[in-house]
Every structure is written in C-alpha cells, then in structure tokens.
Amino acid sequence: MEQRDYFEDVYDVVRLIPPGRVTTYGAIARYLSLRAGARMVGWAMNAAHGRDVPAHRVVNRIGVLSGKHFFGSPTAMQDLLAAEGVRVTDDRIEQFDKVLWDPTTELQ
DNA sequence: GAACTGACTCAGC
DNA sequence: GGCTGAGCCAGTT
C-alpha cells in the first residue's frame, strides 16, 4: 500500500503548480520520465487525495475535469478552479492553452 | 493466482 | 478526421 518514490515526486510537481494554472497527467509523467505513463499519475492522484496536493489543478490532456467525480461533489473541482481564476465550462477548462502549466517547459 | 479496472495517452486505421 | 486498440503499473476482485 506504500506509495512509490515517484508518488512523492508527482505530489511535489503538483504542489509547484502556480494558482490559476493547471497541468496534465501526461505532462507530469513526461517531466518525471515515468515509463508507466499518465495512468500512474492518475493513480498517484487517487492516493494523493486527502493530502496537501492540489489535485484539482491536474486534468487530462484536453482540459476536461476527468477527476471531478472524486472530489465528493460534481462541482467541487470546478469551484476550486474558479476560485483561482480558472474558468470552467461544461467540465472543460476555458483557454486551456493559456492556463496550461507544463513543468517540462515552465519548471524545467 | 489470474483477470479486470482505472483521475491517460499515443499510434494506427 | 473520428474511432479503436494497445500499453503502462498498481490495487481490487
């Protein structure tokens, strides 16, 4: 049940996401060079739930809040993003290209 | 202990 | 250009 080391790395990257910005599972996976791919990032997020990890800033590659169902309320994730200035319409992030924060490019 | 599933993504058709 | 299949790891059945 113990999470792997890269779980902590994923949490660290997610915590580095600036407010009002979002990133994708694939971007984190590529930044950490996870051979497992985006799926394990999503699994890490599942384990990260309840920790100090802003999982609401992590979405899939098209900017859809695929994990909103895990926030207890269908609009909880959207509300958290809206509180940070990220517009969300129909479970999709508006201007996803602009709010996208890619650690490979931004953080390096 | 094998098979299925999952907060995904890419390549092929 | 939209749909389908395959692949990755871990946890659950």
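Lettering of chains follows the sequences in order, A, B, ..., and the numbering in each one begins at 1. The figures here come from the full heavy-atom set of this structure, side chains too, leaving out hydrogens, waters and symmetry mates.
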Steps toward side chain to side chain contact (heavy atoms under 4.5 Å, CB included) verdict (A/F71, A/L80): CA-CA 10 Å; A/F71 277 74; A/L80 288 172; 3.9 Å; yes
Step-by-step side chain to side chain contact (heavy atoms under 4.5 Å, CB included) determination, A/V59 to A/V64: CA-CA 6 Å; A/V59 295; A/V64 175; over 6 Å; no
For [X] against [Y], the heavy-atom pair lying closest together:
{"X": "A/A47", "Y": "A/F7", "result": "CB-CE2, 3.8 Å"}
{"X": "A/A55", "Y": "A/V14", "result": "N-CG1, 4.4 Å"}
{"X": "A/W101", "Y": "A/T23", "result": "O-OG1, 3.0 Å"}
{"X": "A/T104", "Y": "A/A27", "result": "OG1-O, 4.0 Å"}

In whole Å, what is the span from the [atom1] atom of [X] to the [atom2] atom of [N]?
{"X": "A/L32", "N": "C/dC9", "atom1": "CG", "atom2": "C1'", "value": "15 Å"}
{"X": "A/M40", "N": "B/dG6", "atom1": "CE", "atom2": "P", "value": "13 Å"}
{"X": "A/L34", "N": "C/dA10", "atom1": "CG", "atom2": "P", "value": "11 Å"}
{"X": "A/W43", "N": "C/dC8", "atom1": "CH2", "atom2": "P", "value": "18 Å"}

Drop me the distance from [X]'s [atom1] to [Y]'s [atom2], to the nearest 0.5 angstrom.
{"X": "A/R51", "Y": "A/M45", "atom1": "CZ", "atom2": "CE", "result": "10.0 Å"}
{"X": "A/T89", "Y": "A/Q78", "atom1": "OG1", "atom2": "CD", "result": "7.0 Å"}
{"X": "A/K98", "Y": "A/I93", "atom1": "NZ", "atom2": "CD1", "result": "14.5 Å"}

Gap in Å between the two P atoms, one belonging to C/dG5 and one to B/dC4, rounded: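 Comparing P positions in C/dG5 and B/dC4 gives a spacing of 15 Å.
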Gap in Å between the two P atoms, one belonging to B/dA3 and one to C/dA6, rounded: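 The answer is 16 Å between these two P atoms.
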From A/T24, A/I28, A/N46, A/L32, residue fulfilling side chain to side chain contact (heavy atoms under 4.5 Å, CB included) relative to A/V41: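 That would be A/I28; it is the only one of A/T24, A/I28, A/N46, A/L32 passing the side chain to side chain contact (heavy atoms under 4.5 Å, CB included) with A/V41.
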Dump every N/O contact between nucleotides 9-13 of chain B and the protein below 3.5 Å, one line per pair.
unit_1 : atom_1 : unit_2 : atom_2 : d
B/dT9  : OP1    : A/G26  : N      : 3.4
B/dT9  : OP1    : A/R61  : N      : 3.0
B/dT9  : OP2    : A/R61  : N      : 2.8

Intra- and inter-strand pairs of DNA chain C in dot-bracket (Watson-Crick or G-U wobble, both distances under 3.5 Å; | for another strand): .||||||.|||||
Salt-bridge contact A/E106-A/R21 (side-chain N to carboxylate O under 4.0 Å):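 Salt bridge: no.
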Sugar-phosphate, base or nothing in reach of A/A29, heavy atoms under 4.0 Å: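 Touches nothing.
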Residue-level proximity of residues 64-79 of chain A to DNA chain B when a heavy atom falls under 4.0 Å: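 Heavy-atom cutoff 4.0 Å gives A/S66, A/G67, A/F70, A/F71.
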